Amino acid sequence: MADQVFQPLPTVPDHASLEEEVLAWWDEAGIFDRLRERNRGGPAFSFFDGPVTANKTLGVHTAWGRTLKDVFQRYKGLRGFDQRYQNGFDCQGLWIEVGVEHELGFNSKQEIEEYGLDNFARKCRDAVVSYSRELTRGSKRLGMWMDWGNDYYTFSDTNIEYVWRMLKVVHERGWLAMGHRSTEWCPRCGTSLSQHELSQSGVYQERLDPSLFVRFPLIDRPGESLVIWTTTPWTLPANVAAAVKPDAEYGRRANGEWVGVALYPDEDFEERLPGSALVGWRYSGPFDTLPPGSAVEHRVIPWDEVTLDQGTGIVHIAPGCGGEDFELSNVHDLPVLTPVDESGRFYDDYGWLHGLSTVEAADQIVGNLGERGLLVQATTYAHSYPHCWRCDTPLIFRIADDWLISVDELRQPLLDANATIAWTPEYMGKRMDDWLRNMGDWNISRRRYYGLPLPFYPCACGTLNVIGSRAELEERALGGLEQLEELRRPWIDRVPVRCEACGESVERVLEVGDVWLDAGIVPFSTLGWQNPEWKPQGYATGAARGLTTADLPNHAYWEKWFPADWVTEMREQIRLWFYSQLFMSVVLTGRAPFRQVLGYEKMLDETGREMHGSWGNTISAEDAFARMGADVMRWQYCAQPPDRNLLFGFGPAHEIRREVLTLWNSVSFFVSYANIEGFRPAWSSLEPSGELQPLDRWLVERTHAFVRDAEAAYESWLTVDVMRAYEAYVDDLSNWYIRRSRARFWDGDTTALATLWYAFVQALRVMAPILPFLTDHLWRNLVPDGPESVHLAGWPDVAEPDRALLDEIAKVRRVVTLAHQARAASGLKLRQPLRRLVVEGVNGARAHAAEIAAEVRVKEVEFGPVDAELRVKPNLPLLGPRLGKELRAVQQALRGGEFEALDGGRFRAAGHELEPHEVLVERLGREGSAVASADGVIVALDTALDDELLLEGRVYDLIRLVNTMRKDAGLEMTDRIDLTVPEADGELVARHRDWLAREVLAVEIGVGAELAIAKTQA
Ligand SMILES: [Zn+2]
Ligand SMILES: [Zn+2]
């Protein structure tokens, strides 16, 4: 084979090494740069990359999103769109800080402060630098094409300045406020959290807490007491009131305890009163022994929200430790006791509790209540409780002063902007609407260190100075500029500014910003919104200096690329990145920052459990690259409907690797015969021409249909539909076209070769975005004179397919499939020829009787009614509810065969019309036939055998056996053989010599002691 055009393929692809090889070649040949060059000046497709937090190596979760981003950018690239390809990293906030704390062995804010905020800031930057390198490496290995090295890093001074500008606008519109309120607080991180942080998955976890019933003795009714229930003992020292439901009934037990009657329906009470009668009663607080409690006059207050399905119907109120409690304190003018500090430890004035954490205090509080005879009962209680999304510490409520953006005036504009966005799947857009309707004010402040410094400078004169840019800071600074390394703590804290109202020196508040401010500003900060002059490397400022070459473009550039045509992230981002972008964009421009969104659900392990490090079921991306291959991972991601959770794992990957082989083996088959024939395709005359047979014409049309279907799927952002179209197409190509054309390939039919080659070329282009490695590897083998890479080959431009023809063959394939089913049910082997197949319900397939006969291996195909017994059974789960009592009559009629078949698969029985899905239809063949049916098509296979059929069956067996021996002997496909058959097969050879010789390439057939082959000597 001197003239070998195509490289023979190994039996199975080695994905990992194939991918490494392709990656190296892309680099060397500059394929991505050439693609960008080719598309420069083309129509723009604007995509914003949601930043990955640079605090970890690439995981298989992140790789899912990265794959979808890459798939659609590659698809748009094939279609000639000019794109930005800018990757982003999130670089500030708790994720980064907690990682560094962990590395340094810190577990409190105090340790950070002792270490020094400047040292801590540098450590945080180091972490971002090293993880962003890791993420880049992993993403490249996944096949993601981005403009690496030109990334945006949200800790850049430029990014910070853009958030400052947004906050200044918020302040000017009067939406910035300082909130004094009760908020969810992480005692370990020492900061409050916002509502959207609490909406992240994993925040609510099942947890066992103490369950206490506690007696509050009534002062004016000696011997009597209120009984309350709590699961947070640490809040009892902050108790100031007890709430009752005014219109509920309360009862006094014989021992003097007052409880809600509805909760104890079986008890006898000595006295009953409405809740309103209890209002105003004074009681001794549970911890009046401590100074803060002793100063409070504890009273019963009315509260309509008291529930009577849990507890005692009397609620302990501690405004310093709960959200609703705090609101009640405003209504009833109650004192607010705040028992714990930022780290969740009791303040000094709480005596013997001082310094204890809320958890440590619980035991002591229970013990103390018991000693003083106030404890009615102490057990445990399992419930879903919020935990810190970053460090997993159970959250507490604390009173804090937080900076808030008031959302009242923004709510409607946000809803209007969301209405302009096309969401896939649609329900995610509704989730955004729900969130926008119900969200509270945005708590933007965090009491932390490595984050966006809030540019707020409150002055004693009452003015809140908000700095909107670095230039403004420099202009108003009263010192400290010389040491300002970055717009960051601690350096920024040493720059006081002049108050715009009174001229006094004012200092910055110490809070940093919510990390979603950093990511939400990206559509402005990276595109040069309102920037008059393009600044080369103008984004590479502050901590980002030296990490990226990103420019700060000018406003005209922003006009071109804003809003994004498309963004994609997981569903959780509705309340996070999608929200923060939308919010900031509506503040600055009144418009939505993106036109279309693809959201997707969660990733679980292949058994449907969450992946957890401690459960040992997480998969690292590195492991997946090595053991599955990036293409197989991408297939797994892309085959996933976005509205369902992805069950990711090695099991599904194994199945996919098997499925990859259908295409692989087809190409391998083609390469073998094309090389034998010396077939040379030409890129310049892509579509096969000349004497096309009907099957060739069908494959061309089928290919065009695949291109069109895949195109429609990509255009609706549904990779799952691309994968479905691909799987059906490859099945048709391999199990119909190639199977039906085998003999032509053996004969070196170049039209068949050209047709099959055309199909591969188009299919590789369609699948290139999803399987970028495998398709390019095959492309370079199959297309010697075309574009060097499939990614440079553009999207196939094909004619509208002949759907009528395709429909016809689809029916033929359905008949064949049913016939195979019938044969399998009858237990006859596929190789055994049969006499006759009767087909009912398919008219279009009549012209293909010969093909059906050959495929099904029958002598004759007849179109007409099938003689089969029809059995119809009721689909009880559906019909039961619909028919009620009538069901029995229908059931009896069906069982007795008293029914009438109507159009469209419907039936009438006992006076009721039954829809196709309401019945289960079975067809039973008469003696000597096997029947199968689906969707109105019925086939009956004649299963009777005679001597002639049995003899032919033996020929097929022999052909198979000999061909296996040829393979085992290592013969080439073109090698001829001399065949010896045992004497018992003498009659068989006498009657079918030519057939046998042709199928096994035998030159001589002799009779001998046993079956043997020998290569014919030329
Ligand atoms: Zn925390
Ligand atoms: Zn002032």
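Numbers here simply count residues along the sequence, with the first being 1. In listed order, ligands and their atoms are each counted from 1. The shown structure was predicted, so the numbers you read here are calculated from the model rather than taken from an experiment.
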inquiry  = Using the Zn ion (ligand 1) as the vertex, how large is the angle between SG of C391 and SG of C388, rounded to 10 degrees?
reply    = 100°

Carboxylate-amine/guanidinium proximity below 4.0 Å for K168 and E500 = no

query = Can you find a heavy atom in the side chain of V515 that is under 4.5 Å from one in the side chain of L94?
reply = no

query = Are the aromatic ring centres of W442 and Y579 under 6.0 angstrom apart?
reply = yes

query = Using 4.0 Å as the upper bound for N to carboxylate O, is an ion pair formed by R398 and E342?
reply = no

key: Angular separation of C502 SG and C459 SG about the Zn ion (ligand 2), given to 10°   = 110°

ask   = Hey, what's the angle at the Zn ion (ligand 2) spanning SG (C461) and SG (C499), nearest 10 degrees?
value = 110°

